[in-house]
2 protein chains.
Amino acid sequence: MQKTQEEFKANILSALAHPNRIRIIELLKNGTKCNCEIGPELELEQSNLSRHMKILVQEGIVVSWKDGLRVNYKVSDKRIFAILDLAGNVAHMEAKVGVEVLEEA
Amino acid sequence: MQKTQEEFKANILSALAHPNRIRIIELLKNGTKCNCEIGPELELEQSNLSRHMKILVQEGIVVSWKDGLRVNYKVSDKRIFAILDLAGNVAHMEAKVGVEVLEEA
DNA sequence: TGACTATATGAGTAATCACTCATATAGCGT
DNA sequence: ACGCTATATGAGTGATTACTCATATAGTCA
């Protein structure tokens, strides 16, 4: 089953499209973290966090490696941050203004 | 109900995270189109397309205006295309691991 | 070895999503 | 007014999602 280019993009964006996963990625802006740090900082259930991390790894958004009992994570590509920043800009614009600032496209 | 910044971003990304909505947006790269053109070009059911467009409008990704019977659409902000392009780059990179590379239309 | 810690996963559930069919609404031309 | 066209939407369905609890796995250290 061949995936289309659009399906690839949609998969990446779906993996990013969850508030907690966004918080995780933004936490990882400061560098490598393990589950045992992310969980408490974001107040996420252990199994819930584990599944979120799995989604991020599967889509190649974060990379993981074991360090003893821990699993460390970092964001694989700085373009991930760029996507989130752009989404923030668009969301911000949409939230603040009505329909009339849209003439720039 | 106060939305967090992460929820705003997640909403934008969710609205983008569907293959057909991505195809719609990329169709709109060439300018304004109406439903009656998009539907046949992408072979989408009328009601299905209508709902996809509603999602895109609600998130401020496209703007719409009526022209007689038609409803025209255009992408509200160039940054939308930037998000899709970045997602394509990341997806492309990730795809190298297993499958052979896909061509750009 | 056993106790402890960090992470992963099976199973169940409630909510949301994408889609379709049928119908409703709205604008055009006669 | 009428028929025709373009779009929107109610209702139903099957699939997917996020979450939780309980349990399994794996690594560390006494």
Side-chain angles (χ1 to χ4, degrees), chain A residues 1 3-4 6-28 32-74 99, chain B residues 1 3-4 6-28 32-75:
Chain A
M1 188 198 91
K3 258 194 223 167
T4 66
E6 290 79 25
E7 283 170 330
F8 272 116
K9 293 181 187 179
N11 288 344
I12 293 285
L13 294 172
S14 296
L16 293 174
H18 188 287
N20 285 333
R21 290 197 288 273
I22 292 173
R23 295 206 296 149
I24 290 165
I25 291 166
E26 286 176 347
L27 237 194
L28 292 176
T32 296
K33 296 246 183 196
C34 82
N35 271 338
C36 60
E37 298 168 300
I38 299 169
E41 288 192 52
L42 301 184
E43 294 182 316
L44 296 177
E45 253 283 314
Q46 184 268 320
S47 60
N48 190 17
L49 173 61
S50 180
R51 287 180 215 272
H52 280 309
M53 296 317 296
K54 187 177 185 179
I55 291 168
L56 293 174
V57 169
Q58 276 174 343
E59 284 306 320
I61 289 165
V62 307
V63 233
S64 68
W65 64 97
K66 295 211 71 170
D67 174 23
L69 270 178
R70 303 174 169 206
V71 180
N72 287 319
Y73 297 97
K74 69 169 189 183
V99 192
Chain B
M1 170 168 85
K3 260 195 224 168
T4 66
E6 289 79 26
E7 283 170 329
F8 272 117
K9 293 181 187 179
N11 288 344
I12 294 285
L13 294 172
S14 295
L16 294 175
H18 189 287
N20 284 334
R21 289 197 290 272
I22 292 174
R23 295 206 296 150
I24 290 165
I25 292 166
E26 287 175 348
L27 236 194
L28 292 176
T32 295
K33 296 243 181 196
C34 82
N35 271 340
C36 59
E37 298 167 301
I38 299 169
E41 288 193 51
L42 302 185
E43 294 182 314
L44 295 176
E45 252 283 314
Q46 182 270 319
S47 61
N48 190 18
L49 173 62
S50 180
R51 287 180 216 273
H52 281 307
M53 297 317 296
K54 187 177 185 181
I55 290 169
L56 292 174
V57 169
Q58 277 175 343
E59 285 305 320
I61 290 165
V62 306
V63 235
S64 69
W65 63 98
K66 295 211 73 170
D67 173 24
L69 269 181
R70 304 176 169 206
V71 179
N72 287 319
Y73 297 97
K74 70 170 188 180
V75 174

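In what follows, every heavy atom counts, from backbone to side chain, and hydrogens, waters and symmetry copies are set aside. Order of the sequence lines sets the chain letters (A, B, ...), proteins ahead of strands, with each chain counted from 1.
Note that the NZ atom of A:Lys33 and the OH atom of A:Tyr73 stand 14.5 Å from one another [nearest 0.5 Å]. Note: B:Arg21 CZ to B:Leu44 CG = 11.0 Å, rounded to the nearest 0.5 Å.
Distance CG (A:Asn11) to P (D:dT16): 12 Å, rounded to an integer number of Å. Put simply, CD on A:Glu45 is 12 Å from C1' on D:dA18, counting in whole angstrom units. Taking atom NE2 of B:His18 as the reference point, atom P of D:dT17 lies 11 Å away to the nearest angstrom. In this structure, B:Leu56 places its CG atom 11 Å from P of C:dA18, rounding to the nearest Å. B:Asn48 has its CG atom 11 Å from the C1' atom of C:dC17, to the nearest Å. In this entry the distance linking CZ of B:Arg21 with C1' of C:dC19 reads 12 Å, nearest Å. Protein atom NZ of A:Lys33 is 15 Å distant from nucleotide atom P of C:dA6, rounded to whole Å. Counting to the nearest Å, the P atom of D:dA18 and the CG atom of A:Leu44 are 13 Å from each other.
Shown here are the salt bridge (Lys or Arg N to Asp or Glu O under 4.0 Å) partners of B:Glu26, two or more places apart in sequence or in another chain: A:Lys9.
When the nearest nucleotides of DNA chain D are assigned to A:Gly68 and A:Ser14 by heavy-atom distance, the more 5′-ward of the two goes with A:Ser14.
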Please list, pair by pair, any protein nitrogen or oxygen found under 3.5 Å from a nitrogen or oxygen in nucleotides 3-8 of chain D.
from: D:dT7; atom 1: OP1; to: B:Asn35; atom 2: N; distance (Å): 3.4
from: D:dT7; atom 1: OP1; to: B:Cys36; atom 2: N; distance (Å): 3.4
from: D:dT7; atom 1: OP1; to: B:Val71; atom 2: N; distance (Å): 3.2
from: D:dT7; atom 1: OP2; to: B:Cys36; atom 2: N; distance (Å): 2.8
from: D:dA8; atom 1: OP2; to: B:Asn35; atom 2: ND2; distance (Å): 3.3
from: D:dA8; atom 1: OP2; to: B:Ser50; atom 2: OG; distance (Å): 2.8
from: D:dA8; atom 1: N7; to: B:Gln46; atom 2: NE2; distance (Å): 2.8
from: D:dA8; atom 1: N6; to: B:Gln46; atom 2: OE1; distance (Å): 2.9

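Within the 4.5 Å cutoff, the side chain of A:Leu49 has no heavy atoms near those of the A:Leu42 side chain.
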Side-chain donor/acceptor pairs under 3.5 Å, residues 13-20 of chain A, sequence neighbours excluded:
from: A:Ser14; atom 1: OG; to: A:Ala10; atom 2: O; distance (Å): 2.8
from: A:His18; atom 1: ND1; to: A:Asn20; atom 2: N; distance (Å): 3.0
from: A:Asn20; atom 1: OD1; to: A:Arg23; atom 2: NE; distance (Å): 3.3
from: A:Asn20; atom 1: OD1; to: A:Arg23; atom 2: NH2; distance (Å): 3.3

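Listed for the B:Glu41 side chain is no donor-acceptor partner under 3.5 Å among the backbone atoms of B:Ile38.
Taking side-chain N and O atoms only, A:His52 has no distance below 4.0 Å to OP1 or OP2 of D:dT17.
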